Structure formats: structure tokens, C-alpha cells
A.B. asks: 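Structure incoming, see below.
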Amino acid sequence: MMTLHYSDEVAAALQSKSPIVALESTIITHGMPFPQNLETARLVEEEVRNSGAIPATIAVLNGHLHIGLSDRELTDLAQSTNVSKLSRADLAACIAKGETGATTVAATMIAAKVAGIHVFATGGIGGVHSGAEDSFDISADLQELAQTDVIVVAAGAKAILDLPKTWEVLETLGVPVIAYGQDELPAFWSASSPHSAPIRMDTALEIANAAKLRKVLDVPGGHLVCNPIPAHAEIKEDVIGPIIAKALSEASSANIQGKAVTPFLLQRIFELTGGKSLDANIQLVFNNARLASQIAIEMA
Ligand code: PSU
Ligand code: MN
């Protein structure tokens with residue numbers, strides 16, 4: 001049988017029914033370079049604690065599913081280079097083989113649900129990649145949102161994606177897409193976008209109530225809360241847009257495919273912005289951790 005490995009603070013929080021916020025690990029291993037990845041992982045946990053909740057960073061270490069990592073485990077993971085990127089398809093296989101893997105949004109949602117955690121903060125979810133009409137590359141994150149009952153707080157879908165197609169797929173899958181505090185959907189590095197949000201909510205309480213009511217109605221699946229990046233940290237669309245376009249065209253010339261696409265694009269955009277994309281990414285993760293903590297407090 002599989003046992004979950006809880007960190008001490010997460011075990012105590014579950015016992016006392018205190019608010020907990022799940023955090024993913026792919027952003028650490030595949031989304032940011034070392035040492036900023038480790039620094040960010042530590043600070044985002046601190047942000048959750050300062051906001052009144054307990055952080056649970058999720059990963060598979062040597063075949064054990066960990067809900068909450070020690071600083072040693074976090075440090076090792078942040079420095080490893082051969083960690084696999086786990087989604088719905090490979091989470092159980094990684095555990096069965098005794099291997100180590102970082103959880104994407106999809107896999108983190110599955111693990112959070114098993115652990116009894118209702119709220120999860122990340123940077124941006126995966127979605128429909130540009131050129132998906134040929135490549136069929138659509139992140140398993142979208143399907144997961146349709147079936148797993150966890151509230152995911154993100155700064156929208158990553159702007160490297162085809163955002164209009166991503167929002168269409170989420171609508172088809174019946175995922176509530178909520179913009180926090182504004183009428184339009186945010187676009188990861190940018191606070192606004194031309195896409196108006198299907199749902200707008202202005203308080204953590206409203207979001208928590210919507211999630212509870214969906215359960216009462218017996219509608220399966222999660223919620224996607226799109227929290228705009230703080231104004232001081234954003235990169236405007238007219239600046240980041242051409243850089244994203246350049247990274248996308250390089251990815252296509254280099255024939256980058258499958259799981260490698262997202263890490264390749266994030267790394268190239270980091271280089272092309274002279275590190276500015278990473279600074280923005282870090283700030284939006286902190287911002288999402290704060291809102292997720294407020295929602296977790298309302299849920300508890
Ligand atoms: N958000 C970030 N950085 C990341 C990711 C999200 O700010 O690295 C990761 C998440 O784990 C997400 C994954 O689930 O990218 C999506 O990958 P793909 O497009 O291959 O499904
Ligand atoms: Mn993909």
C-alpha cells in the first residue's frame with residue numbers, strides 16, 4: 001500500500017483542520033533555474049505561513065509521495081537535474097518504480113486531493129500550445145481541472161500558450177474560470193488581456209463558497225482562480241509579446257516537442273528578457289500564495 005509522507009507541519013495542520021496550501025514542484029525543477037528556484041520555493045512557503053496557512057510542497061522522492069518537504073529535501077530537489085516531470089499519466093508509475101519526480105499542476109492536484117488539501121497555488125497552468133491544431137499539444141492540466149476537486153490559484157495560463165484556445169477548452173470542460181478582482185483574464189506576465197473573464201469574484205470568501213456549493217450540487221472538478229500579477233511586477237504585453245514569439249519560433253525550428261516545450265520556452269524567455277521574466281514569475285507566485293492562503297482560511 002502507498003503511504004503518504006507528510007512533513008511535520010502538514011501532519012499537524014491536517015490533524016487540527018488548519019488551512020493548508022499545496023504547492024507544486026515542477027516549477028522548481030523545470031520552471032526556474034537554480035538557485036532562484038530554491039530561493040523562490042522557500043520564500044513562497046514563507047509567504048503562505050505569513051498569510052496564516054501551512055505550505056505543502058508536493059513531490060515524489062525515491063518512490064514516496066511527499067506532502068510537504070523538509071528544507072533538505074527542497075534543496076536536493078532544486079539541485080537535481082535528472083528529475084522527471086510528472087502528470088496524471090506518470091505519477092503512479094514513478095511511485096511504483098521507486099523514482100523521483102516533480103509534480104505538475106495536474107499531478108499536484110491529484111496528490112493534494114488524496115491528502116485532503118483543497119487549495120493549491122502555482123504560477124501558471126499548462127494549456128493549449130500554439131500550433132496545437134497540428135501538434136495536438138494540450139496540457140493534461142486542463143483535463144485535471146475538469147475532474148479533480150481542488151481550487152487552483154494561478155496568474156492565468158502561461159502566455160506562451162494559445163490563450164483563446166485554452167479558455168475555449170476550459171469552457172468546454174466545464175471548468176469555472178474566475179478572474180480575481182477584475183473583469184478581464186490576466187495573462188501570466190501581464191495583468192490584463194483582451195479576454196473577458198467568464199466569472200469575476202472579488203473576495204476569497206466568494207471563491208470558497210462557490211467551491212463548497214459545487215460540491216453540494218455534486219458537480220465534479222476544480223476551480224481555476226486567475227489572479228493578476230501585481231502592477232509593479234508586470235511585463236506589458238507589447239514588451240513580452242515579441243519575445244514570446246521569438247521563443248516560439250526557436251522552439252519550432254529546434255523541433256522541441258512534448259514535455260520539453262514548456263521548460264524550453266520559459267528558459268529562452270528568461271534569457272531574452274535578461275532575467276526580467278523570472279522576476280515577474282517569482283512575484284506572481286508570491287501573490288498567488290497569498291490569495292490561496294486566504295481561500296484556504298475561508299475553506300477551513
Ligand atoms: N507555471 C510556471 N512554471 C512552470 C509550470 C507552471 O510558472 O514550470 C509548469 C507546471 O507544472 C505546469 C506545467 O503544470 O508547467 C505544464 O507543462 P505542460 O505544458 O508540459 O503540460
Ligand atoms: Mn504538452
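Both counts, for ligands and for their atoms, begin at 1 and track the order of listing. Every value quoted in this text rests on a predicted model; they were computed, and no experiment measured them.
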A.B. asks: If we only count heavy atoms from C-beta on, is the T100 to L77 side-chain gap below 4.5 Å?
C.D. replies: yes
A.B. asks: Polar contacts were defined as any N/O atom of the residue lying under 3.5 Å from an N/O atom of the ligand; does this apply to G127 and ligand 1?
C.D. replies: no
A.B. asks: Would you tell me which option among E24, K158, K85, E144 has the nearest heavy-atom contact to atom 18 (P) of ligand 1?
C.D. replies: K85
A.B. asks: Salt-bridge test for R49 and E46: reply yes if a basic N is under 4.0 Å from a carboxylate O, no otherwise.
C.D. replies: yes
A.B. asks: Quick one, E168 with K165, criterion salt bridge (charged side-chain N to carboxylate O under 4.0 Å, His left out). Give me CA distance, side-chain angles, the key distance, then yes/no.
C.D. replies: CA-CA 5 Å; E168 285 297 339; K165 287 196 180 71; over 6 Å; no
A.B. asks: Considering distance alone, does some N or O of K259 sit under 3.5 Å from an N or O of ligand 1?
C.D. replies: no
A.B. asks: Report whether L272 and F188 are members of the same hydrophobic cluster (ILVMFWY, side-chain heavy atoms less than 4.5 Å apart, transitive linking).
C.D. replies: yes
A.B. asks: Using a 4.0 Å heavy-atom cut-off, say whether T262 meets ligand 1 through its side chain, its backbone, both or neither.
C.D. replies: side chain
A.B. asks: Using a strict cut-off of 4.0 Å, indicate which atoms of ligand 1 neighbour a heavy atom of N281.
C.D. replies: 7 (O)
A.B. asks: Any atoms of ligand 1 less than 4.0 Å from a non-hydrogen atom of G123? List them with their elements.
C.D. replies: 7 (O)
A.B. asks: At a 4.0 Å threshold, what atoms of ligand 1 neighbour a non-hydrogen atom of L266?
C.D. replies: 3 (N), 4 (C), 8 (O)
A.B. asks: Return the CD1 to NE2 distance between I151 and H223, rounded to the nearest 0.5 Å.
C.D. replies: 6.5 Å
A.B. asks: Is F188 close to ligand 1, meaning an N/O of one under 3.5 Å from an N/O of the other?
C.D. replies: no
A.B. asks: Determine, considering heavy atoms only, which of T26, V261, D141, I125 sits nearest to atom 12 (C) of ligand 1.
C.D. replies: D141
A.B. asks: Under 4.0 Å between a Lys/Arg side-chain N and an Asp/Glu carboxylate O for R42 and E45?
C.D. replies: no
A.B. asks: For a side chain to side chain donor-acceptor pair (under 3.5 Å) with K259, tell me which candidate from D137, T104, D90 qualifies.
C.D. replies: D90
A.B. asks: Can you find a side-chain donor-acceptor pair between E271 and Q267 that sits under 3.5 Å?
C.D. replies: yes
A.B. asks: Before giving the answer on side chain to side chain donor-acceptor pair (under 3.5 Å), spell out for E24 and T122 the whole-Å C-alpha distance, their side-chain angles and the decisive distance to 0.1 Å.
C.D. replies: CA-CA 7 Å; E24 62 153 306; T122 182; 2.4 Å; yes
A.B. asks: What atoms of ligand 1 come within less than 4.0 Å of a heavy atom belonging to S139?
C.D. replies: 18 (P), 21 (O)
A.B. asks: I need the nearest protein heavy-atom contact for atom 8 (O) of ligand 1: residue, atom name and distance, please.
C.D. replies: G31 CA, 3.3 Å
A.B. asks: How far is atom 1 (N) of ligand 1 from the closest protein heavy atom, and which atom is that?
C.D. replies: G124 O, 2.8 Å
A.B. asks: Identify, by name, the N, O or S atom of D137 lying closest to the Mn ion (ligand 2).
C.D. replies: OD1
